[in-house]
**Q** 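Can you read through this structure? Questions will come right after.
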Amino acid sequence: AQKVTQAQTEISVVEKEDVTLDCVYETRDTTYYLFWYKQPPSGELVFLIRRNSFDEQNEISGRYSWNFQKSTSSFNFTITASQVVDSAVYFCALSEAYRSGGNEKLTFGTGTRLTIIP
Amino acid sequence: DSGVTQTPKHLITATGQRVTLRCSPRSGDLSVYWYQQSLDQGLQFLIQYYNGEERAKGNILERFSAQQFPDLHSELNLSSLELGDSALYFCASSVEADTQYFGPGTRLTVL
């Protein structure tokens, strides 16, 4: 069975500090996808990134970066120079890679509530 | 804006009642997924439809059902509602085996 663990329930940092959100996953599949979603106070779920299990390259997008390490089954998310607008709940998620008739459901972690203090 | 629409945004009803939540996927997406977000269960997958056919089922109660219509919009029907059904219900859509984009959600309150 798939499982995603986000051990950090809540994090608070002062604006402009860097912060890393941890995500550890479990799966028996050799091919899978990992995701991060953001849920701001308004409630919607906003897609941030998708990474497939073949690609362990780290990715940077502006102030956001992601570190995927298959050896430790981790997919951590770092926000550099945090801003108040980054305050949200962040979810890590896992899905099986598609195969014919396969189940593409997302298995979510419990989320990390990030508060940026001005 | 993800391109996925959900109506209504808020729904308040009483125990024992039945409600219908509606979702329109992004243009071109054939897959629709329903998820429930509650304080005690977190974000849980309920059911997936692909081009009108049920593809996968998750932790969906027998009192709940869904369908996807020929125009690809989907409806989630919740019946015999209980207090514990109060939650945020999300619909997501995707091109096959691709990223799921979520709608704004329907907040259901059962009194």
Side-chain angles (χ1 to χ4, degrees), chain A residues 1-10 23 25 27 29-55 59 61 66 75 88-113, chain B residues 1-11 23 25-26 29-51 53-60 66 86-109:
Chain A
Q2 300 179 319
K3 186 177 177 184
V4 176
T5 301
Q6 295 180 257
Q8 305 152 308
T9 308
E10 294 192 31
C23 172
Y25 62 91
T27 179
D29 292 329
T30 54
T31 306
Y32 50 89
Y33 294 113
L34 294 163
F35 301 80
W36 277 93
Y37 286 86
K38 174 182 179 179
Q39 187 173 38
S42 49
E44 71 272 25
L45 279 167
V46 178
F47 165 73
L48 295 178
I49 190 172
R50 180 178 91 154
R51 172 64 80 221
N52 76 48
S53 53
F54 298 145
D55 183 2
E59 177 147 345
S61 175
W66 290 270
F75 186 42
V89 180
Y90 291 86
F91 291 94
C92 181
L94 169 70
S95 80
E96 300 168 351
Y98 171 73
R99 44 184 180 270
S100 180
N103 183 351
E104 301 143 38
K105 70 167 187 177
L106 290 172
T107 298
F108 284 89
T110 50
T112 297
R113 181 177 299 278
Chain B
D1 186 347
S2 67
V4 179
T5 60
Q6 288 186 250
T7 56
K9 284 194 83 170
H10 301 277
L11 202 45
C23 168
R26 296 185 316 159
D29 286 357
L30 298 179
S31 272
V32 169
Y33 310 77
W34 287 96
Y35 292 84
Q36 178 195 60
Q37 185 178 28
S38 62
L39 283 174
D40 52 343
Q41 299 285 337
L43 267 161
Q44 299 259 336
F45 167 73
L46 295 178
I47 197 163
Q48 178 196 357
Y49 278 81
Y50 176 77
N51 202 19
E53 300 286 327
E54 182 185 304
R55 174 165 273 187
K57 251 182 173 173
N59 301 323
I60 187 166
S86 295
L88 191 49
Y89 291 85
F90 284 107
C91 166
S93 75
S94 73
V95 175
E96 190 163 23
D98 207 331
T99 299
Q100 293 178 32
Y101 291 90
F102 284 77
T106 293
R107 185 168 295 282
L108 173 67
T109 303

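Just so it is clear, the structure is predicted and the values come from calculations on it, not from any experiment. Letters A, B, ... mirror the listed sequences (proteins, then strands); counts begin at 1.
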**Q** Is B/Tyr33 reaching over with its side chain to a backbone N or O of A/Leu106, donor-acceptor style, under 3.5 angstrom?
**A** no

**Q** Just wondering, do B/Gln100 and A/Tyr37 contact through their side chains at under 4.5 Å, heavy atoms?
**A** yes

**Q** Nearest 0.5 Å, please: how far is OG1 in A/Thr107 from CD in B/Gln44?
**A** 9.0 Å

**Q** Test of understanding: with salt bridge (Lys or Arg N to Asp or Glu O under 4.0 Å), list the residues that count as partners of A/Asp55, not counting sequence neighbours.
**A** A/Arg51

**Q** Which heavy atom of A/Gln39 sits nearest a heavy atom of B/Phe90, and at what distance?
**A** NE2-CZ, 3.6 Å

**Q** With rounding to the nearest 0.5 Å, note down the distance linking CD in A/Glu104 to OG1 in B/Thr99.
**A** 11.5 Å

**Q** Is B/Leu43 close to chain A through its backbone or its side chain, or both, or neither, when contacts mean heavy atoms under 4.5 Å?
**A** both

